[in-house]
Asker: 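One structure, pasted below without further comment.
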There are 2 protein chains.
Amino acid sequence: MVTGGNQIHKTAPRGNARARRGDLFTPACPTRKLLDRLGGKWTSMLVKVLGDAGTEVRFAELQRRAPGISRKMLAQTLRDLEADGLVTRRVEPTVPPAVHYALTPLGTTLVGPLDTLRDWAETHMGTIDDHRQRLVRSPA
Amino acid sequence: MVTGGNQIHKTAPRGNARARRGDLFTPACPTRKLLDRLGGKWTSMLVKVLGDAGTEVRFAELQRRAPGISRKMLAQTLRDLEADGLVTRRVEPTVPPAVHYALTPLGTTLVGPLDTLRDWAETHMGTIDDHRQRLVRSPA
DNA sequence: CTGGATCCACACCGATACTG
DNA sequence: CAGTATCGGTGTGGATCCAG
């Protein structure tokens with residue numbers, strides 16, 4: 001994965017967003033691009049946190065609710081999500097500033113599919129881990 | 001859910017086994033681990049190809065149906081999927097050998113959730129691309 | 001409080017050559 | 001046919017310091 005995920009994001013050229021005529025092999029597959037974003041280490045967690053909140057959440061509060069994230073990655077991931085139109089950013093011009101983030105309607109539509117993935121993961125990842133463990137202990 | 005957050009998977013040192021003092025992160029969020037795998041550049045495509053086939057598919061045929069993949073990445077991804085218990089590998093001891101791959105029942109259960117993601121992607125990724133394009137053309 | 005800038009370790013993946 | 005071995009480029013993400 002994540003691919004380092006995946007990708008057009010990891011290895012493919014970035015400048016040319018659109019597939020050009022010669023590119024038979026859909027380098028711009030929507031699913032591939034979506035997985036590239038979700039494959040980011042913090043993207044899905046932030047979508048979930050914002051979705052659960054249902055309202056605006058401030059920067060520091062997001063950092064609290066996403067344990068382990070650094071300020072750099074929090075800012076970077078939020079900027080990406082904002083550029084995607086999945087998250088809104090609202091700055092209160094106070095001193096010091098207060099910045100509020102929330103899911104856009106589009107971002108909200110992503111919560112369901114993510115829940116589907118989470119359900120599958122919570123149901124089956126244990127089985128997968130066990131399977132890998134068996135390979136370690138009894139290699140063919 | 002994604003709240004497990006960090007995981008010694010992508011960046012953390014693997015050789016020096018001991019976590020350092022600050023690391024008190026929850027062991028491993030299943031959703032995070034699933035996305036790490038799906039984030040791989042070819043994983044989801046191979047699952048889809050094998051799912052669509054419904055039967056065993058040979059190595060070379062997989063390479064044909066996953067345009068652009070190299071033999072190295074095909075072999076590596078298939079080995080990972082096999083280790084996860086998502087894919088079976090069957091070798092016919094002929095000369096030259098013929099190797100057949102197929103989804104396990106567990107692997108088949110992953111097809112649905114992936115379809116859900118693909119539906120979302122095909123519906124909304126265009127909107128996301130447009131949103132990013134607007135940022136490029138009309139910067140602040 | 002909310003970031004940006006920089007440095008760097010490491011993991012992913014492509015290209016190529018070799019093997020049984 | 002179906003892999004493995006190796007090299008190297010590139011991107012991701014953590015740590016740390018600086019700034020409005």
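So you know, we letter chains A, B, ... as the sequences are listed, proteins then strands, and number each from 1.
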Asker: To the nearest angstrom, how far is A/Arg32 atom CZ from C/dC12 atom P?
Answerer: 14 Å
Asker: C/dA15 P sits how many Å from B/Gln63 CD, rounded?
Answerer: 12 Å
Asker: Salt bridge check: are A/Arg79 and A/Glu82 linked by an N-O gap of less than 4.0 Å?
Answerer: no
Asker: Under the 3.5 Å rule, do the base of D/dG13 and the side chain of A/Lys41 count as making a donor-acceptor pair?
Answerer: no
Asker: In whole angstroms, how far is the P atom of D/dG3 from the OH atom of B/Tyr101?
Answerer: 3 Å
Asker: What is the distance, to the nearest angstrom, from the CE atom on B/Met73 to the C1' atom on D/dG3?
Answerer: 14 Å
Asker: Quickly work out the B/Glu92 CD to D/dA2 P distance and round it to whole Å.
Answerer: 10 Å
Asker: Find out whether A/Val111 and A/Leu50 are in side-chain contact, i.e. whether some heavy atom of one side chain is under 4.5 Å from a heavy atom of the other.
Answerer: no
Asker: How many Å lie between CD on B/Gln76 and P on C/dC12, as a whole number?
Answerer: 8 Å
Asker: Go through D/dA2, D/dG14, C/dG4 for me and flag the one nearest to the B/Phe59 side chain.
Answerer: D/dA2
Asker: Pairs in or reaching into residues 111-122 of chain B: which pass side chain to side chain donor-acceptor pair (under 3.5 Å), with residues at least two apart or in two chains?
Answerer: A/Thr109-B/Trp120, B/Asp115-B/Arg118
Asker: Measure the distance from CZ on A/Arg71 to C1' on D/dC18 and round it to the nearest whole Å.
Answerer: 11 Å
Asker: Report the residue (B/Arg79 or A/Pro96) whose heavy-atom-nearest nucleotide on DNA chain D is the more 5′ of the two.
Answerer: B/Arg79
Asker: Please confirm whether the shortest side-chain N or O distance from A/Arg58 to OP1 or OP2 of C/dC1 is below 4.0 Å.
Answerer: no
Asker: Please report, rounded to the nearest Å, how far the P atom of D/dT12 is from the CG atom of A/Leu74.
Answerer: 17 Å
Asker: Less than 3.5 Å between a donor and an acceptor, one on the side chain of A/Lys72 and one on the base of C/dG4, is that the case here?
Answerer: no
Asker: Nearest to the B/Ala98 side chain among C/dG14, C/dT2, D/dA2, which nucleotide is it?
Answerer: D/dA2
Asker: May I ask you to decide whether B/Asp130 forms a salt bridge with B/Arg134, counting only side-chain N to carboxylate O separations under 4.0 Å?
Answerer: no
Asker: Charged N to carboxylate O under 4.0 angstrom, B/Lys33 versus A/Asp129?
Answerer: yes
Asker: Ignoring the backbone of A/Ser70, work out which of D/dC1, D/dG14, C/dG14 is nearest its side chain.
Answerer: D/dG14
